[in-house]
S.K.: 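Mind having a look at this structure? Questions to follow.
Within every chain, numbering begins at 1; the chains are lettered A, B, ... in the order of the sequence lines, protein sequences first and strands thereafter. Please read all numbers here as calculations on a predicted model, not as lab measurements.
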Amino acid sequence: MNETILATVQSGIVELFPDVGKVPITPRMRLGDIPDYDSMAAVNLQVFLEERFPLKVSLDMLTEEMTLGELVEYIGRYVKNN
Amino acid sequence: MDPFDIFSALKDVEQCWRDRPLELAGRQADLALQLQEATLEEMGNLTGFGKTQAGEETRKPDFLEALKWAGQLARRHHAICQSWIRDLIVQSPGLEGRQRERMLFWTRQLLNGLSPSNYFWTNFAAVKRFMDTNGESLARGLRSFAEDLLEGHPLMRMADTRAFRVGREIATTHGAVVFRNDLMELIQYEPATEATYPVPVVFIQPWINKFYIFDLTPPASFVRYLRDRGFTVFMISWKNPDPSMRNVTFDDYMLRGALQAIRVASAVCRGAPVHAAGYCIGGTALTTLMAWLNREPPGTARPFPVADWSLFSTLVDFSEPGDIGFFVTQKSVEWLEAEMALRGVLSEKWIELAFRLLGSDSLIWRNFTNSLLYGLPPPRSDLLFWNSDSTRLPAAMASFFLREFYLKNRLVGRDALHLGGRPIDLGRITQPLYAVGTQLDHICPWRSTFMVCDKVRSPVRYVLSSEGHITGIVNPPSETSRRKFWAGEARGETDSERWLSRQEERRGSWWDDWAGWLSARSASPGAPPALGSPRYPPLERAPGTYVMEA
């Protein structure tokens, strides 16, 4: 399941932040690696995730230090438990 | 006509390089080389253009593939030009600090606008959507753009303005308006605990945008957080000024707004002095009020109405106001004053434009790409909804604020300003202060907010939070929080970096730290006060009337 989640998150990042360019969007990527990632970018990502997955994501989680792997794991856990 | 001194800064850069034509030519050659290298490298990545492996069939790239490649190449060229221009400005010989920053700020605006992602043919995702939907995505985007344009939003709406209703989905905490004048309503929230601290918290909110940033959806509500921990909370909801308020001054906001709110809250809470807390410009008004109150004429026997005070992302020393200072020049203020003379108010459109330019990458261009190029509806976000609910400013107050604070920085001069008939001297303030700055704040840079520490005689606890002007302050604690903060004593400190190097990084939100600081100054909890009092009876359910004014 986590592979599907990762693919959705990857495509979302490319669409939301086209300037991400050639930065490899892997589970090890930090959100802070997205060019100009700031709190408003986090709001955009939050809205995207809540639209695509049946979950609530709090903004304080989507900091620069969070990796995609951790985000995917969180989504997977949330979706499984709810 | 150059209200923001953009062309004068450009001319300065040009002057700096005029005497060094060889060095400049060398840089230009280097740029050409970098662009060529990037092009050749990208050519190799395009199937059919590059060399094929042994045994691999050669094939022509299809249309979408070629487009994706062109977009990628455009982005690389853009990134190269961006860093070339940045280096050219930063390394301009003899360009003075502030002028250099001004040039960097405005070129960043231009370069953000020129990003290939903002244009249809160089944004692959936009073209792909167009093909997948038979052109419907772009048609939808153009329809939204036309609608937004006709309704006065040329930068397109940032949020789904139909997703929330004030008083229904946001600003829902129960309470009542217990005082109203022509400038503000004062809301008192109902208690949530059997016992409450006798000292209430009074929020002096900014009058740029609405008060409910502290009462968004329940999980993010600062009001609920405090109420659930036994505090009685009062909140100022300012009137959205109309032209009849053209002569309303900063003194009015300080005395008929902040002071009046504190006096009413204190009266409702059996005369207790209050915890006063101001955010952004509300904090600046609170600071002037604290200086004003500490200047009581001799022989006045009134008890001091404020037990302690807190500032959230507040400037009192405007010597380094950050990016927002680039909008405030002698000429731009004169230009705005001429505009305000006609309208009586500073239009919310100008304020919104300035704030969106401060984060143009997120607040203008990403929004534009989503709404116009992808044809997606604006996001359903409580924070962005609040951000779009702009307010106007009275002409007299706005002119005073821009001139006396931003241009002349007179609040830090001893007795340099006279407000409410008294000279203002921050050095007379002795009541304990809790001040919060946020790391990524474009509006009130944290190092500038730190400057309050040595301007007052108060004991100061300073807190630096991660995040920006809004998200660093609206920062509810949660199990998943990855935010951090640094907190420590800072009385008389002048060096923010040295102070920071002594503090320990802590995980989570600073709210618990503040609640602890307040409760230590709140005496023992007792029976909650009634909602209002015989003198200040409840007039209306929260969130009241003024917050609804467009």
S.K.: Name the residue from B:Glu505, B:Arg483, B:Arg482, B:Arg507 that meets the side-chain contact (heavy atoms from CB on, under 4.5 Å) definition with B:Ser466.
M.R.: B:Arg483
S.K.: Return yes if a side-chain donor-acceptor contact under 3.5 Å exists between B:Thr217 and B:Arg224, otherwise no.
M.R.: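 No pair is found: no donor N or O on one side chain lies under 3.5 Å from an acceptor on the other.
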S.K.: Side chain, backbone, both or neither: which part of B:Ser481 has a heavy atom under 4.5 Å from chain A?
M.R.: both
S.K.: For A:Tyr74, is it the side chain, the backbone, both or neither that has a heavy atom under 4.5 Å from a heavy atom of chain B?
M.R.: side chain
S.K.: For A:Asp38, is it the side chain, the backbone, both or neither that has a heavy atom under 4.5 Å from a heavy atom of chain B?
M.R.: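 For A:Asp38, the side chain is the part near chain B, not the backbone.
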S.K.: Side chain from CB out, backbone as N, CA, C, O: work out which of these in B:Lys128 comes under 4.5 Å of a heavy atom of chain A, or both, or neither.
M.R.: neither
S.K.: Tell me, out of B:Arg75, B:Arg380, B:Arg366, B:Gln72, who's got the most heavy-atom pairs with chain A below 4.5 Å.
M.R.: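 Among the listed options, the one with the most contacts to chain A is B:Arg366.
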S.K.: Could you tell me which portion of A:Ser39 (side chain, backbone, both or neither) has an atom closer than 4.5 angstrom to a non-hydrogen atom of chain B?
M.R.: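 Both backbone and side chain.
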S.K.: Contact between B:Ile213 and B:Tyr279 at the side-chain level, heavy atoms closer than 4.5 Å - yes or no?
M.R.: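 Yes. Closest side-chain heavy atoms under 4.5 Å.
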S.K.: Rounded to the nearest 0.5 Å, how far apart are CG of B:Asp361 and CE of A:Met40?
M.R.: 12.5 Å
S.K.: So which part of B:Phe124 gets closer than 4.5 Å to some heavy atom of chain A, the side chain, the backbone, both or neither?
M.R.: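 Interface part for B:Phe124: neither.
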S.K.: Do B:Asn112 and B:Ser360 have side-chain atoms, one donor and one acceptor, less than 3.5 Å apart?
M.R.: yes
S.K.: Measuring heavy-atom distances to chain A, does B:Ser478 have an atom under 4.5 Å in its side chain, in its backbone, in both, or in neither?
M.R.: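 Both backbone and side chain.
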S.K.: Any luck finding a side-chain donor-acceptor pair between B:Asp382 and B:Tyr212 under 3.5 Å?
M.R.: no
S.K.: Can you tell me which portion of B:Pro476 sits under 4.5 Å from chain A's heavy atoms? Options are side chain, backbone, both or neither.
M.R.: backbone
S.K.: From B:Trp511 CH2 over to B:Asp513 CG, what is the distance, rounded to the nearest 0.5 angstrom?
M.R.: 13.5 Å
S.K.: Sort B:Glu42 into side chain, backbone, both or neither according to what part of it lies under 4.5 angstrom from a heavy atom of chain A.
M.R.: side chain
